[in-house]
2 protein chains.
Amino acid sequence: MNRYPNQTRILVATDCIIFGFDGEELKLLLIKRHFEPEIGKWSLMGGFLKEEEDLEAGAKRILNDLTGLSNIYVEQLGAFGKVDRDPAERTLSVAFFALINIHDHDQEAVRAHNAHWISLKNKPALIFDHDDMVSLALEHLRYNAALHPIGFELLPEAFTIPQLQKLYEAIYDMQLDRRNFSRKILSTGLLIDTGSKNMSAPTKKAIMYCLDKEKYQRKFYAFWNFMPGQGK
Amino acid sequence: MNRYPNQTRILVATDCIIFGFDGEELKLLLIKRHFEPEIGKWSLMGGFLKEEEDLEAGAKRILNDLTGLSNIYVEQLGAFGKVDRDPAERTLSVAFFALINIHDHDQEAVRAHNAHWISLKNKPALIFDHDDMVSLALEHLRYNAALHPIGFELLPEAFTIPQLQKLYEAIYDMQLDRRNFSRKILSTGLLIDTGSKNMSAPTKKAIMYCLDKEKYQRKFYAFWNFMPGQGK
DNA sequence: GCAAAAGTGTTAAAGCTACACCCATGT
DNA sequence: ACATGGGTGTAGCTTTAACACTTTTGC
């Protein structure tokens with residue numbers, strides 16, 4: 001049965017913008033392509049949507065392929081549909097935004113795909129419209145991390161407040177006041193004191209917290225407004 | 001040249017969630033289908049993406065078709081890609097979110113498409129996953145109207161503050177304090193006093209304002225946070 | 001002059017910013 | 001003991017929420 005004759009069918013792909021944080025800088029997981037087309041160039045990890053596969057399932061398959069992880073924070077960024085975005089053949093790509101704990105992924109798999117963690121500040125030019133996707137993803141990250149507690153997805157289970165602050169400073173590329181940041185974060189009630197301390201620090205050991213997952217769910221949509229005064 | 005053999009090509013469509021405001025209630029422009037498939041049922045306005053057409057151009061074509069308008073506020077909501085969302089054939093749909101001034105559209109064209117303005121509160125069930133699209137669009141509207149000055153897109157060029165307040169009250173389905181609302185809106189500096197007054201009012205005539213378009217552009221991303229205390 | 005809708009003012013509480021001080025740890 | 005980094009407190013300002021009064025208009 002074909003109720004829609006005379007309509008064009010086109011390729012649909014998924015590309016993933018994968019962010020990680022190493023404690024100092026925001027990083028992207030990028031692929032140095034060792035396959036055609038555009039061999040040798042940098043790109044996002046992506047792939048075609050399969051015949052019997054839901055969109056989000058496709059993204060998760062691709063992410064799992066590359067990182068070995070299956071419980072990744074993923075959001076759809078949007079569809080990229082310019083006619084000529086892939087010079088070989090028209091392909092609509094749905095971009096997905098992923099946040100992962102950089103120490104958690106499967107190093108083997110990443111190596112096999114010829115993928116590398118690249119600091120955002122040294123990002124090379126990417127193929128097709130992947131640069132646009134990264135720009136939009138960064139905008140999205142900045143926008144949403146100020147309003148929702150998604151930053152935690154980039155950190156390990158247990159983390160200290162100074163670590164969290166460094167993350168925010170990396171996301172927004174700005175300095176934050178230690179005392180105000182700490183007060184603001186703690187006042188959300190989202191953090192639970194694990195009782196242990198960060199033993200790897202050379203000076204005073206910071207308290208390690210973990211996320212109150214139940215509250216995290218409940219409060220996700222209660223706006224914060226985390227960054228100090230962005231003007232009126 | 002076909003560099004991607006063995007991949008499935010699928011249909012790509014665009015569906016538009018079109019909001020309007022009649023001064024009292026939020027409305028949706030919906031179609032009572034007088035064509036197959038699903039004839040007689042309610043749906044969003046949509047259509048297939050053409051061979052040489054960019055995604056956003058497709059959405060604008062469809063919107064123009066239905067309303068006769070070409071300067072509509074449009075944003076991409078996202079792609080809907082469940083395998084079985086269209087029972088006839090797999091179709092990926094990219095949903096677009098549109099805000100229009102309800103008094104502005106081409107009534108002829110709307111009638112020709114068998115389209116109707118339906119109050120959100122009386123929304124009938126829609127075909128396929130269109131109900132999900134509407135839910136997401138409403139969420140998006142609520143989310144964004146609190147942070148960005150997009151509400152103005154639903155009003156005529158010149159409007160009064162009480163009209164704007166009614167719009168916000170309709171969007172959030174809650175009552176707002178007249179005095180605080182007015183102060184908050186005016187403090188953004190986005191409104192220009194046109195000098196005229198709303199002559200159709202039966203009592204005291206309210207001042208008509210228009211939007212400062214230049215400031216609107218500049219301030220779009222400066223977060224407001226319009227709704228009063230959503231809790232911590 | 002009265003009802004209905006619009007404009008403006010005030011005050012107390014809450015939140016934010018910018019600061020300074022003290023504590024724990026390794027050398 | 002000192003340098004480094006982490007935790008906590010406070011004062012002044014701004015913003016917010018809650019509330020009351022006055023003005024304009026049609027009848």
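Proteins get letters first, then strands, A, B, ... in listed order; numbering begins at 1 in each. Here the structure is a predicted model, which is why all the values come from computation and not from measurement.
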Could you run down the sub-3.5 Å N/O contacts of the protein with nucleotides 22-27 of chain C?
{"residue": "dG26(C)", "atom": "O4'", "partner": "Pro202(A)", "partner atom": "O", "Å": "3.3"}

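Atom CZ in Phe159(A) sits about 16 Å away from atom C1' in dG6(D), given to the nearest Å. In this structure, the NZ atom of Lys184(A) is 18 Å from the C1' atom of dG9(D), given to the nearest Å. Rounded to whole angstrom, the span from the NZ atom of Lys166(A) across to the P atom of dG5(D) amounts to 8 Å. What separates CG of Asp177(A) from P of dT10(D) is a distance of 17 Å, to the nearest Å. When rounded to the nearest whole Å, the span between CZ of Phe181(B) and P of dA6(C) equals 12 Å. Atom pair Leu176(B):CG and dA6(C):C1' shows a separation of 16 Å (rounding to whole Å applied). The separation between Asp193(A) atom CG and dG7(D) atom P is 10 Å, rounded to whole Å. The CZ-C1' distance, from Arg183(A) to dT10(D), rounds to 9 Å in whole Å.
Within the model, atoms CE of Met45(A) and CZ of Arg33(A) stand 10.5 Å from one another, a figure rounded to the nearest 0.5 Å. Annotation: the span from Phe96(A) atom CZ to Ile18(A) atom CD1 amounts to 12.5 Å, rounded to 0.5 Å. A distance of 10.5 Å separates CD1 of Ile118(A) from NZ of Lys123(A), quoted to the nearest 0.5 Å.
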Under 3.5 Å, which donor-acceptor pairs do the side chains of residues 68-76 of chain A form with other protein atoms, sequence neighbours left out?
{"residue": "Tyr73(A)", "atom": "OH", "partner": "Glu75(A)", "partner atom": "OE1", "Å": "2.8"}
{"residue": "Glu75(A)", "atom": "OE1", "partner": "His140(A)", "partner atom": "NE2", "Å": "3.3"}
{"residue": "Glu75(A)", "atom": "OE2", "partner": "His140(A)", "partner atom": "NE2", "Å": "3.3"}
{"residue": "Gln76(A)", "atom": "OE1", "partner": "Ala79(B)", "partner atom": "N", "Å": "2.6"}
{"residue": "Gln76(A)", "atom": "NE2", "partner": "Ala79(B)", "partner atom": "O", "Å": "2.9"}

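Using a 4.0 Å cut-off on heavy atoms, none of the residues of residues 20-27 of chain B approach DNA chain D.
With contacts defined as side-chain heavy-atom distances shorter than 4.5 Å, the pair Leu155(A)/Tyr209(A) does not qualify. With a 4.5 Å cut-off on side-chain heavy atoms, Ser93(B) and Asp129(B) do not count as touching. Here the side chains of Thr67(B) and Leu29(B) are in contact, with some heavy-atom distance below 4.5 Å.
For His116(B) and Trp42(B), the ring centers sit closer than 6.0 Å to each other.
Judged by distance alone with a 3.5 Å cut-off, no donor-acceptor contact links the side chain of Arg179(A) to the base of dA18(C).
For the salt bridge (charged side-chain N to carboxylate O under 4.0 Å, His left out) criterion with Asp173(B), the lone passing option out of Arg142(B), Lys166(B), Lys121(B) is Lys121(B).
The side chain of Asn180(A) lies closest to dA18(C), out of dG7(C), dA18(C), dT8(D).
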